[in-house]
Amino acid sequence: MRIWPIFKKEMRLYFTSPVAWVVLTIFLFIAGYFFSSIFNFFSQASIQSAMNPAMGRELNVTDSVMRPLFSNISVILLLLMPLVTMRLFAEERRAGTIELLLTYPVRDGAVLAGKYLAALALYTLMIGLTALYPAIVVYFARLELGPVLTGYLGLLLMGATFIAVGVFASSLTDNQIVAAVTTFGALLIFWILGWSADYAGGALGRVLQFLSLLEHNDSFSKGVLDTKDVLYYVNFAVLALFLTLRSLEARRWKG
Amino acid sequence: MIEVDHLTKNYGLVAAIRDVSFSVSPGQIVGFLGPNGAGKSTTMRILACFMPASSGVARVAGYDVFRQSMEVRRRIGYLPENVPLYPDMRVAPYLDFVAEVKGIGRSERRRRVADVMDRCMVADVQNRLIGKLSKGYRQRVGLAQAIVSDPEVLILDEPTIGLDPKQITEIRSLIKSLAGQHTVILSTHILPEVSMVCGGVIIINNGVIVAQGPIDTLVEQFFPTSRLEVEIVGPPSAVRERIRAIPGVLSVQDQAPANGAARYTIEAARGRDVRAEIFQLAAQQRWDLLELRRVGMTLEEVFIRIVAGEESADGSVEKSVGEAAP
Ligand SMILES: Nc1ncnc2c1ncn2[C@@H]1O[C@H](COP(=O)(O)OP(=O)(O)OP(=O)(O)O)[C@@H](O)[C@H]1O
Ligand SMILES: [Mg+2]
């Protein structure tokens with residue numbers, strides 16, 4: 001499997017075009033903004049509770065800073081990740097470069113893996129850079145490491161799923177905008193499924209809740225590592241990647 | 001080296017090629033000709049393993065393009081019609097990427113890329129973004145990526161389109177130099193190019209192969225006569241009659257007379273040279289012989305005759321038959 005050259009090529013394209021830089025900058029800017037407002041709010045709240053013990057609120061950095069931060073970051077990702085993945089196949093198709101790529105001695109699976117891993121690497125870099133925020137927190141307060149690590153694992157798994165959905169959408173069209181909008185729409189629907197679960201109730205409610213992307217991310221940031229959640233994301237991503245392979249094959253037949 | 005057997009490709013309900021069969025022997029350079037929309041690119045895409053045929057078999061280097069496509073892909077270099085390249089990559093890293101995907105090791109790769117950049121004359125732009133190159137340079141980069149792995153078989157879809165005259169000559173001699181070690185199938189609309197570069201041709205029209213073989217054989221097959229053009233000052237009817245009487249002459253036609261001189265086109269049996277007899281006839285009759293010239297049959301005329309003949313046989317298009325078969 002010649003995944004490595006494809007991976008390198010995709011990374012090179014991310015960074016020679018402005019895509020990676022713009023996404024990284026915007027992401028870090030917004031995430032930083034969220035972090036600073038949450039952290040400010042938290043420090044004010046802790047000063048108040050220190051002055052007024054009668055309020056008696058138990059303040060915990062993990063719960064009041066890291067958990068909201070993770071959930072805010074996942075919303076930014078929901079908006080940004082479709083822009084990271086939209087190019088992967090749609091642009092090759094539009095420019096016709098897919099005709100050369102798919103006639104080189106590499107299997108479709110290796111092409112897909114190279115592209116997927118490149119997007120995942122960029123994503124890992126994005127969320128890796130946000131590790132600066134817990135580092136700042138550690139400087140001021142005692143932070144439990146466990147929930148932070150599981151929180152990041154949750155982000156990683158969720159991002160891996162976002163990317164898989166994005167790659168699939170990108171393989172369906174030769175228009176980057178269509179790919180991005182489709183990805184965003186699909187992710188949003190799975191995101192908000194959990195909301196309707198409350199109305200649906202009963203068995204349907206539980207199914208909807210189980211399908212919700214958001215629902216599964218919650219426990220990670222609480223520090224709970226549940227195989228059910230891990231399997232959910234892994235299966236979701238694998239299914240999307242499998243569909244991508246099928247779509248590549250179908251496209252070949254259509255010519 | 002390339003064997004195509006009853007290949008058919010349908011795009012939905014439209015049949016792009018129908019029952020196409022031909023073969024190219026090792027070391028040969030073959031021109032693949034046909035009018036626009038004939039199915040050249042479609043056939044080449046199937047050979048390059050980009051898409052499967054609807055029915056039929058194609059083998060390249062002994063391997064089935066559908067069932068053993070990895071084996072085929074390892075042995076070919078392909079230049080698609082519109083030369084699709086990554087605009088955001090630079091020339092040298094791009095060629096390095098192609099070489100790596102084609103499985104060439106690191107040290108070997110550096111040598112190959114440098115070599116191929118020299119041969120395709122793109123070394124001077126190796127650090128430029130491909131998207132910023134002119135059409136001709138992109139064409140050369142496209143050719144470079146096709147030959148970087150030194151493949152046994154080259155599939156080139158209109159390789160000289162968009163090049164300047166000097167480049168065309170150089171790329172042609174580059175392609176010519178590949179003969180022997182490499183098998184090349186190239187499509188083009190420039191017919192003189194085919195006579196210069198290719199040993200044989202395959203002509204496709206409306207998705208069907210209409211002729212194939214060495215150029216000389218085709219020309220002989222379609223024009224079994226040799227042709228002369230003469231310009232003589234003399235009484236036209238007498239001239240026609242006396243020339244017609246020369247043994248071996250099959251027909252004499254006169255073209256628009258001007259200044260008392262008339263031009264005649266004379267068809268003679270192939271292998272029969274009647275020039276000396278015409279000269280003597282003119283001298284004997286005291287006609288002024290202003291011009292006596294042999295007209296070679298070119299591939300171009302064969303092509304037009306075949307393609308136009310096909311169309312009139314279909315009854316769909318009547319045009320250009322008259323001018324094609326004078
Ligand atoms: N992707 C496609 N979908 C539908 N029809 C197609 C497709 N590609 C080609 N065709 C049709 O198939 C036929 C053959 O096209 P092809 O591109 O092989 O012609 P060509 O000989 O390469 O022509 P040209 O000299 O213009 O390059 C045409 O009628 C074309 O309209
Ligand atoms: Mg074509």
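Chain A is the first sequence line, chain B the second, and so forth, proteins listed ahead of strands; every chain is numbered from 1.
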Using a cut-off of under 4.5 Å for heavy-atom pairs, which of B:Ser149, B:Cys49, B:Ala146, B:Pro80 has the most such pairs with chain A? B:Pro80
Please classify the contact of B:Ala53 with chain A as side chain, backbone, both or neither, using a heavy-atom distance under 4.5 Å. backbone
Contacting moiety of B:Asn82, where chain A heavy atoms sit under 4.5 Å: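 Looking at B:Asn82, nothing touches chain A.
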Please report the C-alpha distance between B:Tyr11 and A:Trp253 in whole Å, then the side-chain angles of each, then the deciding distance to 0.1 Å, and finally whether the ring-ring contact (aromatic ring centres under 6.0 Å, His included) criterion is met. CA-CA 9 Å; B:Tyr11 289 113; A:Trp253 282 96; over 10 Å; no
Donor-acceptor pair, distance only, cut-off 3.5 Å: does the side chain of B:Arg74 make one with the backbone of A:Pro105? no
For the backbone of B:Pro52 and the side chain of A:Arg252, can you confirm whether one donor and one acceptor N or O come within less than 3.5 Å of each other?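 No, the answer is negative, given that no donor and acceptor are paired below the 3.5 Å cut-off.
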Specify the closest pair of heavy atoms between B:Pro84 and A:Leu100, including all atoms of both residues, with the distance to one decimal.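 Closest pair (atom of B:Pro84, atom of A:Leu100, distance): O-CD1, 3.3 Å.
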Closest heavy-atom contact between B:Met89 and A:Leu13? CG-CD2, 3.6 Å
Neighbour count >12 (heavy atoms, 6.0 Å) for atom CZ, A:Phe15: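 Result for CZ/A:Phe15: enclosed.
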Is it the case that more than 12 heavy atoms not belonging to B:Lys132 sit under 6.0 Å from its NZ atom?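 No, NZ of B:Lys132 has 12 or fewer neighbouring heavy atoms, counting only those of other groups under 6.0 Å.
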[X] side, atom [atom1]; [Y] side, atom [atom2] - distance, nearest 0.5 Å:
X: B:Phe97; Y: A:Arg12; atom1: CZ; atom2: CZ; value: 9.5 Å
X: A:Glu99; Y: B:Met44; atom1: CD; atom2: CE; value: 11.0 Å
X: A:Thr97; Y: B:Ile130; atom1: OG1; atom2: CD1; value: 10.5 Å

Examine whether an atom of A:Glu91 lies under 4.5 Å from a heavy atom of chain B, and if so say whether it belongs to the side chain, the backbone or both; otherwise answer neither.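 Contact with chain B involves no heavy atom of A:Glu91 at all.
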Which atoms of A:Thr16 approach chain B - backbone, side chain, both or neither, heavy atom under 4.5 Å: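 Contact with chain B involves the side chain of A:Thr16 alone.
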Looking only at side chains, do A:Tyr104 and B:Gln145 share a donor and an acceptor under 3.5 Å apart?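 Short answer, yes.
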Are A:Lys8 and B:Glu100 within salt-bridge range, i.e. N to O under 4.0 Å? yes
A:Lys9 vs B:Tyr86, side-chain hydrogen bond (donor to acceptor under 3.5 Å, both in side chains): CA-CA, chis, key distance, verdict: CA-CA 10 Å; A:Lys9 183 211 101 189; B:Tyr86 299 102; 3.1 Å; yes
